[in-house]
S.K.: 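Before I ask anything, here is the structure I am working with.
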Amino acid sequence: MTATAKAASGRPLRIAFFAPLKPPDHPHPSGDRRVARLLIAALQAAGHRVELASRLRTREANGEPAAQSRIVAAATAETDRLVAEWRTDPPNLWFTYHLYYKAPDLLGPAVSRALGIPYVAAEASHAAKRLTGPHADFAQATLEAIRGADRIFHVTSVDRQALAGVVAPERLNGLPPFTAYRPRPPRRPRGGPVRLLVVAMMRPGDKLASYRQLGVALRRLKGRDWHLTLIGDGPAARQVMAELGPVRSQVTRCGRGATATLPALYHDHDLMVWPAVNEAYGMALLEAQAFGQPVLAGAHGGVPDIVDDGRSGLLVAKDDVAAFARALGRLLHDAPLRRRLADGAWRHVLRRHSFAATVAVLDREVRALCGS
C-alpha cells in the first residue's frame with residue numbers, strides 16, 4: 001500500500017518536469033527513475049499538473065568531446081522547440097530532477113529564461129574538481145544551472161555542503177529522501193534462518209564493488225543460520241554471482257521482475273544488507289525501513305542521512321569489510337537487537353521520510369515561487 005496525501009487548496013500549477021539522466025518513463029528500472037516518479041507523484045498529490053517536458057538524455061559518461069557536442073546540439077534544438085511550443089501558453093514552473101557533471105540540465109535554464117518562469121532543481125550535485133578535465137564544459141553548465149536556479153532542493157548533507165558555497169541560503173531547501181510506501185510495523189518474528197535481503201542493480205563499478213564486499217563479508221559467516229534473497233539484474237550479473245559463489249547454497253537470486261513484489265519482500269525479510277559503495281543514499285535502504293526492516297550498510301555518501309545509526313539500523317565505516325562482517329554477525333546472533341532496530345526503522349521513516357511531508361514541502365515552495 002502506498003501513502004496518500006490530500007491535495008492542497010489553491011490554484012493548480014502547470015509544472016514542466018525534466019530528468020536529464022534518465023526520463024521517468026524509461027524502460028530500464030533504477031533508483032534514479034524511481035525517485036523521478038516519486039517526485040512527480042508528490043507534485044500531483046499536491047494538486048498540480050505535471051508534464052514531462054522532454055525525454056532528452058544528456059548523460060555522457062566517457063568525457064568524449066564529439067559526444068558532448070552532439071548532446072549540446074540536440075539540446076539546443078529541443079530548447080528552441082519547447083520555447084516555440086510554449087511561447088503563448090507557458091507552464092508556471094520548470095522542475096529538473098538530478099543534474100550533475102555527466103548529465104547537465106541543458107534545457108531548463110534556457111527555457112525558463114525565455115518564458116520568464118521560475119526554474120527549480122532537486123538533487124543537483126556540484127563538484128569543483130570537475131570544472132577541469134574531460135567533463136569541464138558539462139560541469140560548468142551544471143554549475144551555471146545551479147547558480148541561476150530560483151530554488152534548489154538538496155536531499156543529503158553531502159549535497160548541502162557542496163552547494164552551500166554556490167547557492168544563496170534562501171534559495172537552498174532541504175528535501176529528505178522519501179518513499180510512497182506507508183510505514184508499517186514489522187511482522188512478528190518467526191523461526192528459521194535470518195532472512196537477509198539485497199535490492200540492487202548488477203552493474204560494473206560501484207554496484208559490483210558493493211557486491212564484492214558483501215561476498216567477502218558473507219564468506220566470513222559461512223555456516224551461520226542465514227539466507228540471502230538477492231533482487232537485481234544487469235550486465236554484471238555473472239560477476240556478482242561469482243563473488244557470491246562460496247556461499248551460493250545460502251543465496252536465492254530473483255531477477256528484475258521481482259521488483260513488482262518488493263513490498264511483500266521487504267515485509268518478509270529480517271535485515272537489509274548493503275555495503276553501499278559510493279551510494280548517493282539508496283532508495284531500497286529507505287523503502288526497507290518503511291516495512292520495519294532494519295538496515296546494515298556502509299556509511300557512504302548520503303546513507304547516514306536515511307539510516308539512523310543504532311536506532312533504525314547499523315552503519316559501519318565505508319569500505320571496512322571486516323567491520324561489516326562483525327556487525328552482520330552481531331545482528332544474526334542478537335534477535336532482541338534486530339527487533340529493536342526493526343521497530344525503530346518504520347518509526348524513523350514515518351517521522352522523517354514520509355510522502356505526506358514531502359508533498360507539503362514541495363507544494364509550499366512551488367506556490368511561493370509562482371505567487372499562488
Side-chain angles (χ1 to χ4, degrees), residues 186-200 202 206-232 239-254 265-279 281-282 284-301 303-304 306-349:
R187 61 166 176 74
R188 293 180 179 179
R190 61 190 184 191
V194 177
R195 287 169 289 272
L196 311 178
L197 182 66
V198 164
V199 180
M202 298 176 175
D206 294 333
K207 297 296 186 188
L208 181 57
S210 287
Y211 278 112
R212 184 172 293 118
Q213 290 187 13
L214 179 64
V216 173
L218 291 174
R219 287 197 290 275
R220 299 187 181 194
L221 300 168
K222 188 176 181 181
R224 296 282 193 98
D225 199 18
W226 58 268
H227 191 89
L228 171 67
T229 301
L230 190 58
I231 311 298
Q239 293 164 279
V240 167
M241 298 315 295
E243 296 292 341
L244 297 172
V247 293
R248 187 67 179 85
S249 62
Q250 291 175 267
V251 177
T252 297
R253 180 191 168 199
C254 303
L265 290 164
Y266 287 138
H267 201 61
D268 196 47
H269 284 75
D270 302 298
L271 182 66
M272 170 71 76
V273 292
W274 188 236
V277 174
N278 292 328
E279 198 77 60
Y281 54 86
L285 305 183
L286 184 60
E287 292 174 347
Q289 292 175 87
F291 288 87
Q293 186 181 153
V295 168
L296 170 62
H300 282 266
V303 174
I306 65 165
V307 179
D308 191 357
D309 188 23
R311 293 182 177 86
S312 72
L314 296 181
L315 297 177
V316 301
K318 60 183 182 180
D319 299 322
D320 191 337
V321 181
F324 192 94
R326 288 194 300 271
L328 181 52
R330 177 187 174 196
L331 287 162
L332 292 175
H333 176 74
D334 193 339
L337 173 60
R338 291 200 310 274
R339 288 194 293 270
R340 177 172 64 79
L341 294 175
D343 188 60
W346 75 274
R347 295 182 187 277
H348 171 63
V349 175

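All of these numbers come straight from a predicted model, not from anything done at the bench.
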S.K.: Answer whether the closest heavy-atom distance between the side chains of Leu214 and Phe324 falls below 4.5 Å.
M.R.: yes

S.K.: Has His348 got a side-chain atom pairing as donor or acceptor with Ile306's backbone, closer than 3.5 angstrom?
M.R.: yes

S.K.: Is there a donor-acceptor pair under 3.5 Å between the side chain of Arg195 and the backbone N or O of Asp268?
M.R.: yes

S.K.: Who are the side-chain hydrogen bond (donor to acceptor under 3.5 Å, both in side chains) partners of Asp308, not counting sequence neighbours?
M.R.: none

S.K.: Report the distance from atom CD of Glu279 to atom OH of Tyr281, rounding to the nearest 0.5 Å.
M.R.: 9.5 Å

S.K.: Does Asp319 reach the side chain of Gln213, with side-chain heavy atoms less than 4.5 Å apart?
M.R.: yes

S.K.: Is the closest side-chain heavy-atom distance between Val240 and Leu230 below 4.5 Å?
M.R.: yes

S.K.: Work out which heavy atom in Ala242 is nearest to a heavy atom in Pro246; give both atom names and the distance.
M.R.: O-CD, 4.1 Å

S.K.: Test Leu196 against every option in Leu331, Val251, Leu228 by the side chain to side chain contact (heavy atoms under 4.5 Å, CB included) rule and name the one that passes.
M.R.: Leu228

S.K.: So, the side chain of Gln293 versus the backbone of Met272: is there a donor-acceptor pair under 3.5 Å, distance only?
M.R.: yes

S.K.: Quick one: does Leu328's side chain get under 4.5 Å of Leu314's, heavy atoms only?
M.R.: no

S.K.: What are the two closest heavy atoms between Trp346 and Gly292, and how far apart are they?
M.R.: CB-N, 3.9 Å

S.K.: List the atom of Ser210, the atom of Ala276, and the distance in Å for their closest heavy-atom pair.
M.R.: OG-N, 3.4 Å

S.K.: So, Arg340 side chain and Gly310 main chain: donor-acceptor pair closer than 3.5 Å or not?
M.R.: yes

S.K.: To check you understand the geometry: which heavy-atom pair defines the closest contact between Gln239 and Leu208, and what is its length?
M.R.: NE2-CD2, 3.7 Å

S.K.: Taking it one step at a time, do Met241 and Tyr211 satisfy side chain to side chain contact (heavy atoms under 4.5 Å, CB included)?
M.R.: CA-CA 9 Å; Met241 298 315 295; Tyr211 278 112; over 6 Å; no

S.K.: Given 3.5 Å as the limit, does a donor-acceptor pair link the side chain of Trp226 with the main chain of Leu221, or not?
M.R.: yes

S.K.: Any chance you could lay out the side chain to side chain contact (heavy atoms under 4.5 Å, CB included) test for Val199 and Leu265, step after step, and finish with the verdict?
M.R.: CA-CA 10 Å; Val199 180; Leu265 290 164; over 6 Å; no

S.K.: State the CG-CG distance between Leu271 and Leu341, to the nearest 0.5 angstrom.
M.R.: 8.5 Å

S.K.: Flag the pair Val247 / Arg219 as yes when at least one side-chain heavy-atom distance between them is below 4.5 Å, and no otherwise.
M.R.: yes

S.K.: A quick test of your reading: do over 12 heavy atoms of other residues, nucleotides or ligands sit less than 6.0 Å from NZ of Lys318?
M.R.: no

S.K.: Would a 4.5 Å heavy-atom cut-off, applied to side chains only, mark Arg338 and His333 as touching?
M.R.: no

S.K.: Can you find a pair of side-chain heavy atoms, one from Leu197 and one from Ile231, that are under 4.5 Å apart?
M.R.: yes

S.K.: Side chain of Asp270, backbone of Val194: donor and acceptor closer than 3.5 Å?
M.R.: no

S.K.: His227 and Gln250: which non-hydrogen atoms are nearest, and at how many Å?
M.R.: ND1-O, 3.3 Å

S.K.: Tell me the closest heavy-atom pair linking Thr229 and Cys254, and the distance in Å.
M.R.: CG2-SG, 4.2 Å

S.K.: Tell me whether the count of non-hydrogen atoms from other residues, nucleotides or ligands lying under 6.0 Å of CZ in Arg311 goes above 12.
M.R.: no

S.K.: Other residues, nucleotides and ligands only: do more than 12 of their heavy atoms fall within 6.0 Å of CZ on Arg330?
M.R.: no

